[in-house]
Structure formats: C-alpha cells, structure tokens
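Keep in mind that the numbers below use all heavy atoms, side chains included, and drop hydrogens, waters and symmetry copies. Given the structure is predicted, the values throughout are model-derived calculations rather than measurements.
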Amino acid sequence: MKPTQKIVAVTACPTGIAHTFMAAEALKKTAEIMGYDIQVETQGANGVNSPLTDAAIAAADVVITAADIHVDASRFTNKPIYATSTSRAIRETRTVIEEAILQGEQAGKDIYVESFANTKSYAPDQGVDNGAIVPPTLPIPIPPTPVPPAVAMPSVDTSAASYRARLVGITACPTGIAHTFMAAEALRKAAVEMGHDIRVETQGSVGAKNALTDEEIAQADAVVIAADTHVDLSRFAGKRVYETSTKQALKSGRSVIEAALALPEAAVAGLPAGSDAAGADGYLKSVQRAKAEQSAKRSGPYKHLLTGVSYMLPVIVAGGLIIALSFVFGLKPEPGSIGDALLQIGGKSAFALIVPVLSGFIAFSIADRPGLAPGLIGGMLAANLGMGFLGGILSGYLAGYIALFVREKVNLPANFEGLKPVLIIPLLSTLAVGLLLFYVFGTPIKAVMDGLTAFLQSMGQTNAVLLGLVLGGMMAIDMGGPVNKAAYTFAVGLLASNIDQPMAAVMAAGMTPPLGLSLATLIAKRLFNEDELQAGRVASVLGISFITEGAIPFAAKDPIRVLPACVLGSAITGGLSMLFGCSLRAPHGGIFVLAIPNAVTQGGLYVVAIAVGTLVTAVAVTQFKRWQPKVQVEPKPLV
C-alpha cells in the first residue's frame with residue numbers, strides 16, 4: 001500500500017469561531033512541516049469556508065474530522081476517517097496526524113477510525129438526537145455502497161445548550177465564608193442540570209480551595225467569576241470571562257452559565273508552536289514567553305520569596321524616589337519644610353513598611369490570606385528588633401508555614417469553622433511567630449545583619465569591585481532565573497538598610513545584556529539573520545528599561561556564544577559601577593531614573609559603566625560568532 005500523502009480535513013465547533021479556525025490552522029501548518037498535502041474545510045458560524053471539492057476528496061488517502069459537533073461523513077464513503085476534537089487537534093496536532101496516517105494505512109479503505117482521547121464527533125450513522133451528542137461507540141465500518149446524494153441530514157442545533165461545555169469558575173466574597181461556598185455550590189448544581197462540566201475554585205477566608213490547574217483553564221470553554229471582591233484574571237487570558245456577583249450566582253446559576261457561554265469567543269493571538277510572527281512582534285512574544293516560563297519554574301520557598309519581593313518593590317520604589325526628591329531641598333531639611341515632609345513620607349513611612357510587606361506577602365504566598373496578618377506583624381517585629389530584611393524573610397516563612405499548619409491541622413466543629421480565619425489562625429500563628437523571633441531568632445539574625453552592614457559600609461575599593469563583578473555576572477548568567485533573582489533580592493534588601501551601591505551595580509548589569517546584543521546586531525549585521533536584526537531594535541528598548549529577559553531569545557538560539565559574552569559585559573559593568581561609587585535609591589526604572597534628581601549618584605560615570613559593559617558584550621558576542629563553524633549544506637540527491 002502506498003504511503004499516505006494527501007489529507008482532507010473538516011473542523012467545526014459549536015460556536016464555529018475560534019476553535020474551528022485554530023484547529024484548521026494547526027492542521028495545515030503541521031501537515032506542511034511533516035511533508036503532507038492537506039486541504040481543510042471549516043464549518044463555522046458564517047457557514048462553510050474552503051469547502052472540499054469532490055476531486056480533493058477522491059484524491060485523499062485519509063480524512064480527519066476535528067469537530068465538537070456532528071459532521072456529515074456521507075461524502076467520505078470508502079475513505080478511512082479519523083475523528084477527534086478541535087482541542088486535541090490544537091494541542092496535539094502532530095500526534096493526531098500521525099495516528100490518522102498510521103491507522104488509515106493499517107485499516108485500508110473500509111474502516112472508520114476514531115480517536116477516543118477527548119473525542120466529540122462520531123460516525124454519520126450514529127445520529128444526533130435533537131442536537132445532543134451521542135457517546136462514542138466502537139469503530140463502525142462504512143459500507144462501500146454509494147450514498148444517494150439527495151439524502152438530507154437532520155439540522156443540528158449548535159447553541160450553548162446543545163453540547164457539553166467545560167467551564168471553570170471562581171467564587172469570592174469579602175468575608176470569604178458563607179456566600180463564597182454557597183455560590184460555588186449553586187454554580188455546580190446548575191451546570192449538572194444543564195449537562196455541562198464545571199470546576200469552581202473558592203477563594204475564602206482560609207485561602208483558595210479546589211484550586212484550578214493550568215490544564216483545566218486551558219480546556220475551559222468559558223470562565224465564570226462570581227465575586228464581590230477583586231479576583232486576579234491574568235491566568236484567564238484568551239478566555240471568555242463572565243463576571244457577576246455571588247448573589248446573582250446564588251439566585252440564578254443557570255442564567256449565569258448561559259450568559260457565560262453566550263459571550264463571543266475571546267481573541268486568541270498567535271499560531272501553533274513554531275509559527276511566531278517574524279520581527280519585533282515575534283521577538284516581544286518570545287520575551288514574554290521566556291518570562292512566563294521563568295515564572296512557571298518557580299516553586300516552593302523560591303516562589304514564596306519572589307512573591308514577597310514583588311509586593312515589596314513598589315514600596316521601595318516610591319519611598320526611595322521620594323527620599324531622593326527630598327535631597328533637592330538639602331540633606332538635612334528644616335522641620336516643617338517641604339523637604340522634611342518628603343523625608344517623612346519616603347524614609348519614615350514607606351521605608352518603615354519594606355520589611356513588614358516583604359514578610360507579609362511571603363506568608364501570603366505560603367498560606368494565602370490566613371498568613372497575611374502574622375506575616376505583617378512578624379515583619380514589623382523583625383524591623384523593630386533590628387533584624388533587617390533577613391529577619392523579614394525569616395518571619396515570612398515562619399508565619400506562612402505556621403498559619404498553614406494551623407489551618408490544616410486544627411479542626412473545629414462545623415458551627416465554629418467561621419472562627420478559624422478571623423480568630424484562631426491569626427491569634428495562634430502571630431503568637432508563635434512573635435515569641436520565636438523575640439526569644440530564639442532575634443539576637444543571632446541581628447548580629448548577622450549588623451556584621452553584613454558593617455562590612456559593606458567599610459569595605460575597600462578592591463572588595464567593592466569584586467562584589468560588583470560577582471553581582472553583575474549573576475545578573476546575566478540566567479537572565480531572570482534563580483541566580484539573577486538572588487543577586488537582585490540581595491541588593492533590594494540592602495536598600496532597607498540604606499546601602500544602595502550594590503543596587504546601582506545590579507541594575508546597570510541587568511541592562512547590559514539586551515543593550516549589548518542590540519549593539520552587536522548593528523556593528524556585525526552579517527552575523528545575524530533578518531529576524532534577529534529586527535529583534536535587536538526591540539532589545540535596545542528593553543535594555544534601557546532594565547528588562548534583562550530581553551536577551552533570552554538570543555541566548556536560547558546560541559547559548560554557547562551569547563551567554564559568556566553577556567556575563568562578561570555585565571560583570572565589567574557591575575565592577576565599574578562599584579569602582580565609581582555609584583549608588584541608586586530605586587530598585588527599578590532603568591535609565592529613566594536618571595531624570596529624577598538625586599536618584600543616582602555619579603550619574604555620568606554610571607552611564608559610562610553601562611556603556612562600557614554594552615560595548616564589551618557586543619564585541620565579545622560578535623567575536624564568538626565569528627568562531628562559529630560554518631554549516632556544510634550537502635547537495636540533495638537527484639530524484
């Protein structure tokens with residue numbers, strides 16, 4: 001039997017919009033990459049697009065139907081038919097094509113082949129009763145006798161009520177007790193009655209329960225948010241999201257679900273993997289994807305620490321820049337003057353919150369809302385005991401894990417469960433954290449912090465340069481990964497102790513990799529392809545904005561040559577910044593902080609340090625690429 005070479009396909013979904021066309025595009029792109037000829041017909045809300053001709057069907061070796069509704073298969077008589085869902089065609093395109101080809105060749109031309117993984121379309125003679133989807137049965141042979149062309153197929157209702165939808169939801173109310181769980185139950189009950197699947201995450205006073213997974217969100221047809229408080233919607237990008245109140249969900253869960261499914265399909269950007277748009281847009285998508293992958297890899301204590309740092313940053317930025325502005329009116333402003341007011345706002349208010357916020361949100365990341373109160377109180381106590389940011393980190397972990405333990409292990413009668421989040425957990429965990437800090441950890445952590453502060457304030461020029469070299473190299477070695485974040489967190493934490501030279505070195509070193517690679521694309525254009533040349537222009541903007549991840553797409557393509565060049569340039573920048581005695585009051589902002597008076601000391605030399613590191617990176621990467629062995633392209637044999 002000859003190898004399968006020609007494929008025809010039909011894609012269809014109940015709404016006939018996003019999934020229909022995404023599945024068609026995925027099949028076309030992947031089949032072309034695999035070397036097969038394919039024609040795809042889409043059956044959407046606007047009718048049939050790119051209809052298959054009789055000649056195309058006759059020449060096809062196999063038929064793929066990627067559909068979530070009934071598809072008329074009568075015209076595919078004597079053809080092996082492989083049926084699957086649109087979602088599987090989108091997510092596992094290559095596997096779908098390989099299975100269709102393999103089973104089509106094995107079965108010959110008299111078997112209807114069906115994929116049982118996430119399948120919602122069935123053989124034509126299984127029928128559709130009033131638009132309802134019939135459960136799959138064993139593969140059914142299609143008789144070789146032709147079907148009369150005048151056979152009329154029953155009309156199929158593709159409305160939201162006629163298919164089994166997958167939904168996810170979140171319920172939340174200010175107290176996080178009664179309405180949260182009652183609304184979740186109302187939505188679950190309504191979904192079951194309507195024949196749909198739903199999973200509801202409850203964000204109650206004891207934290208998130210029944211948390212939604214990334215896979216469940218990806219497979220969902222719509223999202224229902226029944227909440228009376230703020231809910232983070234960032235993880236539902238590209239999904240239909242219907243927002244309402246818990247009261248409405250309790251009153252009419254059915255109408256809420258119907259409204260969610262009636263929403264238009266959300267715009268879905270991008271194509272299947274490997275088909276990113278070229279140029280600047282594609283490069284920005286690569287940077288965003290790299291940052292998302294870095295975030296996805298964070299877990300456990302590392303993730304909790306970075307959560308605390310992310311919430312702490314706005315406090316430091318605001319406080320540091322306001323302090324810098326206060327210096328415009330003198331280093332020691334008169335009481336009651338505008339300079340004194342700015343100093344009170346930035347130094348004695350914003351900076352007083354740095355350690356409590358760090359501690360509170362580390363605990364929040366571990367134990368959700370129950371960890372926030374003991375974390376904030378523990379952080380304030382650590383600051384008052386002189387434990388600095390090290391004490392804030394420790395108190396955050398203690399508060400989070402103790403609150404989590406109390407939440408999970410202390411069981412109360414059902415009538416008293418409401419007391420746990422407002423009385424039991426805050427009281428017990430705050431007492432435990434406070435006593436541990438006061439009697440066990442306070443003195444030793446304070447001694448460590450005092451020693452570190454004294455060393456950094458009194459270190460000589462040689463030690464300062466060495467520290468800058470190390471911190472600078474760490475910023476470039478994994479560009480947003482654990483090593484980069486360790487250096488950044490160290491420098492940010494020192495700002496709370498009024499040690500700001502390491503922060504200047506770290507930010508300058510973080511700007512160097514994308515700036516150096518951008519410069520390299522200008523001085524050695526022949527070493528880069530057209531996409532990289534366009535990406536270089538975008539990298540320059542990301543570089544001056546202190547987005548180190550802007551260099552990741554370059555490093556991912558050629559890590560052996562790009563990474564050493566970036567580390568070298570960043571290390572030199574960090575060392576020069578420390579050598580010049582540059583200091584920085586703000587932990588972010590890139591080159592734009594230079595416009596704020598007194599935010600950066602030795603501003604001219606700071607720019608010199610960045611420029612030198614950028615030049616070193618560019619020269620190093622171009623030189624390394626010149627040493628790259630040329631790829632020998634072997635001539636293709638004549639057929």
Side-chain angles (χ1 to χ4, degrees), residues 11-23 25-26 44-45 66-69 84-93 96 117-121 133 158-172 180-181 183-203 208-227 230-246 248-249 252-273 292 295-296:
T11 63
C13 71
T15 57
I17 308 177
H19 280 69
T20 298
F21 296 103
M22 290 173 65
E25 190 67 24
D68 307 317
I69 58 175
T84 188
S85 65
T86 55
S87 60
R88 188 163 183 261
I90 295 168
R91 295 195 309 269
E92 305 172 30
T93 316
V96 166
N118 303 317
T119 301
K120 293 183 181 177
S121 61
I133 294 176
T158 60
S159 64
S162 65
Y163 75 106
R164 192 176 187 87
R166 293 181 179 179
L167 300 102
V168 293
I170 293 178
T171 60
T180 298
F181 299 100
E185 187 59 33
L187 289 173
R188 278 193 287 262
K189 183 178 179 181
V192 170
E193 291 175 352
M194 297 171 71
H196 300 316
D197 296 325
I198 190 170
R199 273 201 28 121
V200 184
E201 174 183 308
T202 56
Q203 296 186 0
K209 294 287 188 181
N210 199 34
L212 301 173
T213 65
D214 292 340
E215 183 179 359
E216 289 168 342
I217 294 171
Q219 294 176 352
D221 297 303
V223 181
V224 177
I225 307 294
H230 171 72
V231 172
D232 181 12
L233 303 180
S234 59
R235 50 180 169 157
F236 304 120
K239 293 290 181 183
R240 293 182 288 181
V241 179
Y242 181 78
E243 297 184 71
T244 187
S245 64
T246 55
Q248 185 62 28
S252 180
R254 173 180 285 270
S255 64
V256 167
I257 291 175
E258 288 174 347
L261 292 173
L263 289 173
E265 290 279 356
V268 182
L271 297 173
S295 298

Engineer: What heavy-atom pair brings Ala12 and Thr86 nearest, and what distance separates the two atoms?
Structural biologist: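 Heavy atoms only, the tightest pair is O-CG2, 3.3 Å.
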
Engineer: Give me the one residue out of Val223, Leu263, Ile170 that meets side chain to side chain contact (heavy atoms under 4.5 Å, CB included) with Val241.
Structural biologist: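 Among the candidates, only Val223 passes.
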
Engineer: Who are the salt bridge (Lys or Arg N to Asp or Glu O under 4.0 Å) partners of Glu193, not counting sequence neighbours?
Structural biologist: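 Not a single residue meets the salt bridge (Lys or Arg N to Asp or Glu O under 4.0 Å) criterion with Glu193.
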
Engineer: List the steps, then state whether side-chain contact (heavy atoms from CB on, under 4.5 Å) holds for Leu167 with Leu261.
Structural biologist: CA-CA 9 Å; Leu167 300 102; Leu261 292 173; 4.1 Å; yes

Engineer: State, yes or no, whether a side-chain contact exists between Leu233 and Glu243 at a heavy-atom distance under 4.5 Å.
Structural biologist: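 When only atoms from C-beta onward are counted, Glu243 and Leu233 do touch, with a gap below 4.5 Å.
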
Engineer: Could you tell me which residues satisfy salt bridge (Lys or Arg N to Asp or Glu O under 4.0 Å) with Glu185, sequence neighbours excluded, listed by chain and number?
Structural biologist: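 If we apply the salt bridge (Lys or Arg N to Asp or Glu O under 4.0 Å) test to Glu185, skipping adjacent residues, the hits are Arg188.
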
Engineer: For the CZ atom of Arg235 and the OG1 atom of Thr213, what is their distance to the nearest 0.5 Å?
Structural biologist: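 Output value for this atom pair is 9.5 Å.
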
Engineer: According to side chain to side chain contact (heavy atoms under 4.5 Å, CB included), who are the partners of Ser245, at least two apart in sequence or on a separate chain?
Structural biologist: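 Scan of Ser245 (side chain to side chain contact (heavy atoms under 4.5 Å, CB included), adjacent residues dropped) gives Asp228, Lys247, Gln248.
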
Engineer: Which atom names give the shortest non-hydrogen contact between Ala89 and Ala26, and what distance separates them?
Structural biologist: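 Nearest pair, atom of Ala89 first, then Ala26: O-CB, 3.8 Å.
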
Engineer: Of all the heavy-atom pairs spanning Glu216 and Ala211, show the shortest one and how long it is.
Structural biologist: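 Closest approach of Glu216 to Ala211, heavy atoms only: OE1-O, 4.3 Å.
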
Engineer: Please check this pair: side chain of Thr84 against backbone of Ala66, looking for a donor-acceptor N/O pair closer than 3.5 Å.
Structural biologist: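 Side chain of Thr84 to backbone of Ala66, a donor-acceptor pair under 3.5 Å: no, none is there.
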
Engineer: Do the side chain of Arg240 and the main chain of Asp221 share a donor and acceptor less than 3.5 angstrom apart?
Structural biologist: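 Yes; judged by distance alone, with no hydrogens or angles, the pair exists.
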
Engineer: Can you measure from NZ (Lys239) to CD (Gln219) and round to the nearest 0.5 angstrom?
Structural biologist: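 It comes to 8.5 Å.
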
Engineer: Looking at Thr246 and Ala172, what are the two nearest heavy atoms and their distance?
Structural biologist: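 Between these two residues, the closest heavy atoms are CG2-O, 3.4 Å.
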
Engineer: Looking at every heavy atom in both Gly253 and Ala190, which two are closest together, and how far apart are they?
Structural biologist: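 Closest heavy-atom pair between Gly253 and Ala190: C-CB, 3.6 Å.
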
Engineer: Report the distance from atom CD of Gln203 to atom CD1 of Ile225, rounding to the nearest 0.5 Å.
Structural biologist: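 With rounding to 0.5 Å, CD (Gln203) is 8.0 Å from CD1 (Ile225).
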
Engineer: Just how far is it from atom CD1 of Ile198 to atom CZ of Arg166, taken to the nearest 0.5 Å?
Structural biologist: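 So the CD1 of Ile198 and the CZ of Arg166 are separated by 13.5 Å.
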
Engineer: Is the backbone of Ala191 close enough, under 3.5 Å, to the side chain of His196 for a donor and an acceptor to pair up by distance?
Structural biologist: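 A pair under 3.5 Å: no.
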
Engineer: Looking at Val224 and Ala260, what are the two nearest heavy atoms and their distance?
Structural biologist: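 Of all heavy-atom pairs spanning Val224 and Ala260, the closest is CG2-CB, 3.8 Å.
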
Engineer: Just verifying a value: how many Å separate Met22 CE and Thr93 OG1, rounded to the nearest 0.5 Å?
Structural biologist: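 Those atoms lie 9.5 Å apart.
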
Engineer: Taking atom OG1 of Thr202 and atom CZ of Phe181, what is their separation to the nearest 0.5 Å?
Structural biologist: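 Interatomic distance, Thr202 OG1 to Phe181 CZ, rounded to 0.5 Å: 4.0 Å.
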
Engineer: Charged N to carboxylate O below 4.0 Å: is that the case for Arg164 and Asp197?
Structural biologist: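 Result for this pair is yes, salt bridge flagged.
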
Engineer: Looking only at atom types and distance, does a side-chain atom of Glu201 sit under 3.5 Å from a main-chain N or O of Leu212, one as donor and one as acceptor?
Structural biologist: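 Yes; judged by distance alone, with no hydrogens or angles, the pair exists.
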
